[in-house]
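The shown structure was predicted, so the numbers you read here are calculated from the model rather than taken from an experiment. Sequence lines set the chain letters: A, B, ... in the order given, protein chains first and strands last, and positions in each chain run from 1.
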Protein chains: 2
Amino acid sequence: MTTRRTGLREQKKQATRAALREAALRLALERGPGNVRVDDIAEAAGVSPRTYNNYFSSREQAIVAAITAEREARVAAALTAGPARARLADALTEAILEQYTQPRDRDEMLLVTTSPALREAFLDAAGAIEDPVAAAIGRRLGDADTSTARVLAASVAAAVRTALRQWLQPPVEPPATGGLVVPSGSLPDLLRSALAALAPALDAAEEKARQRSLR
Amino acid sequence: MTTRRTGLREQKKQATRAALREAALRLALERGPGNVRVDDIAEAAGVSPRTYNNYFSSREQAIVAAITAEREARVAAALTAGPARARLADALTEAILEQYTQPRDRDEMLLVTTSPALREAFLDAAGAIEDPVAAAIGRRLGDADTSTARVLAASVAAAVRTALRQWLQPPVEPPATGGLVVPSGSLPDLLRSALAALAPALDAAEEKARQRSLR
DNA sequence: GGCAAAATATGCGTACACGCAAGTTTGCGT
DNA sequence: ACGCAAACTTGCGTGTACGCATATTTTGCC
């Protein structure tokens, strides 16, 4: 009874949502994202244009949703499946890295690069990992301090967004930088170093939870 | 020569922007936010409706901009003015708390509560403190690791957003919580505890910078 | 002062987001 | 099996976002 609420209803809703996502991605890939109207997506998914906006509140949202749809679930799964004895920060880093290193999504990752609006929507969508991460952190912290878990999860999401934003940045012409600017490394490296900055906060929370449980 | 680029041009731009902000806020306060159209704001500011969208890309943005316009500047000022010997985390917390505790903005803070769209825009606008905070942290860290500063600033902004979101939440009817739910404390408390969770990460970065400067 | 280039303002046209008030489907109690 | 209430879909209407082409202003330069 984790996700189910009312059976057929929920089932159809998810189906419609998935149909819209996939239609949006398919059309965007074959025509280019600029040549896809909302009406086209709705038609391809077999619903009215108005219904489209009951599911997604912007044209780009459906496209990026198709790309990031399962990331959140996979992050959560990787976190709960992982060994509980590892450092929370390490478990998180591993789980997240895993999701952004899959070479399977090559085309999609290239697609989001093409338009500013898509880039923006993609960064927004990355925030969706916050909820599962908050749940996972909350579990690791013993469900005691939920609001700390929320803050840490929000920070993790922010760090991921920072890394993604830097990775998405067009390699601008260095006008006269005396070699002081790092040339925007690979995504895994960017993610690692971004999350590394948060590790002390995660460690501290973990330690506090441990002390609480001993008392 | 910090902000100036070409004199008159920039000056007029800022004037137009300010006029739009203030017109938007004034109209929203006197008619209620739902009864203000973009055309009204543009007319009140003496520009064409199209020009409005050259400055703000949503109806709500102008309203919240009027409210949060100076927050970023004030945070930056408070950070650079503060004693450099204090802990970075403390300086940050103080500077931010100061900005959200001013009783002068009572009406405005009530205004953003009234509509979901406004709440959302307000949370978005809170992200504007990221840039000045990043600059300030970067300075404190000796301008060595810019990307760490960015990540930390993004996390701080995320923490602030988390606190604000919780504060904005309508006090929902507790359906059957056995007294386990904290009843959404005051904004200063929420901000303090949110930022406290990040303090260890800020400490660690500061310590690292100190060691680097000694070497 | 006058001029060419760059930045900005405006009008227009198209596509979009979303509230509202129907109509339709689903779930549940009896 | 039946019917009711809640949830979902749909069409319509209004207001909004923004690309593009054009007119206007500002600036650096001579």
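Here the C1' atom of nucleotide dC18(D) and the CD atom of Glu120(A) are 16 Å apart, to the nearest Å. At whole-Å resolution of the value, NZ in Lys13(B) and C1' in dA6(C) are 12 Å apart. Nucleotide dC8(D) holds its C1' atom 14 Å from the CG atom of Leu20(A), rounded to whole Å. In this structure, the CD atom of Gln11(B) is 18 Å from the P atom of dT25(D), given to the nearest Å. One can place CD of Glu10(A) at 17 Å from C1' of dC28(C), the figure rounded to the nearest angstrom. Note: CZ (Arg17(B)) to P (dA7(C)) measures 17 Å, nearest angstrom. With rounding to whole Å, Asn53(A) atom CG is found 17 Å from dG13(D) atom P. When rounded to the nearest whole Å, the span between CD of Glu60(B) and C1' of dC18(C) equals 12 Å.
Remark: Tyr55(A) is in phosphate contact with dT9(D), judged by side-chain N or O atoms under 4.0 Å from OP1 or OP2. For Ser57(A) and dA17(C), the shortest distance from a side-chain N or O to OP1 or OP2 is not below 4.0 Å. Using a 4.0 Å cut-off, some side-chain N or O of Lys12(B) falls inside it from OP1 or OP2 of dT26(D).
Judged by the 6.0 Å and 45° rule, Arg161(B) forms no cation-pi pair with Phe122(B). Because its NZ or CZ atom is not both nearer than 6.0 Å to the ring centre of Tyr52(A) and within 45° of the ring axis, Arg59(A) does not count as a cation-pi partner of that residue.
Taking the side chain of Asn54(B) as heavy atoms from C-beta on, and the options dA9(C), dC18(C), dC18(D), the nearest nucleotide is dA9(C). Of the listed nucleotides (dA17(C), dT9(D), dA6(D)), dA17(C) has the atom at the smallest distance from the side chain of Tyr52(A). When distances are taken from the side chain of Thr16(B) to each of dA17(D), dT9(D), dA9(C), the shortest belongs to dA9(C). Of the candidate nucleotides dT10(C), dA17(C), dT16(D), dT16(D) has the atom lying nearest to any side-chain atom of Arg59(B).
Of the charged side-chain nitrogens involved, none lies within less than 4.0 Å of a carboxylate oxygen, so that Arg26(A) and Glu22(A) do not count as a salt-bridged pair. Residues Arg192(A) and Asp189(A) are not paired through a salt bridge, judged by the lack of any N-O separation under 4.0 Å between the basic side chain and the carboxylate. Electrostatic pairing of Arg212(A) and Asp145(A) does not count as a salt bridge here, judged by no charged N lying under 4.0 Å from a carboxylate O.
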- Before giving the answer on salt bridge (Lys or Arg N to Asp or Glu O under 4.0 Å), spell out for Arg71(B) and Asp105(B) the whole-Å C-alpha distance, their side-chain angles and the decisive distance to 0.1 Å. CA-CA 11 Å; Arg71(B) 288 238 211 291; Asp105(B) 310 319; 3.4 Å; yes
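Each of Phe56(B) and Thr51(A) lies near DNA chain D, and the nucleotide nearest Thr51(A) is the one positioned closer to the 5' end.
Rounding to the nearest 0.5 angstrom, the gap separating the CG atom in Asn35(A) from the CD atom in Glu30(A) is 11.0 Å.
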Identify the pairs formed between an N or O of the protein and an N or O of nucleotides 11-13 of chain C at a distance under 3.5 Å, and give each distance.
{"from": "dG11(C)", "atom 1": "O6", "to": "Arg50(B)", "atom 2": "NE", "distance (Å)": "3.2"}

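The closest side-chain heavy-atom distance from Gln61(A) to Asn53(A) is not below 4.5 Å.
For the segment residues 23-41 of chain B, residues with any heavy atom less than 4.0 angstrom from an atom of DNA chain D are, sorted by number, Val36(B), Arg37(B), Val38(B).
Qualifying side-chain contact (heavy atoms from CB on, under 4.5 Å) partners for Ala89(A), counting only residues two or more places apart in sequence or in other chains: Arg87(A), Ala199(A), Leu202(A), Asp203(A).
The number of heavy atoms from other shown groups lying within 6.0 Å of CD (Glu43(B)) does not exceed 12.
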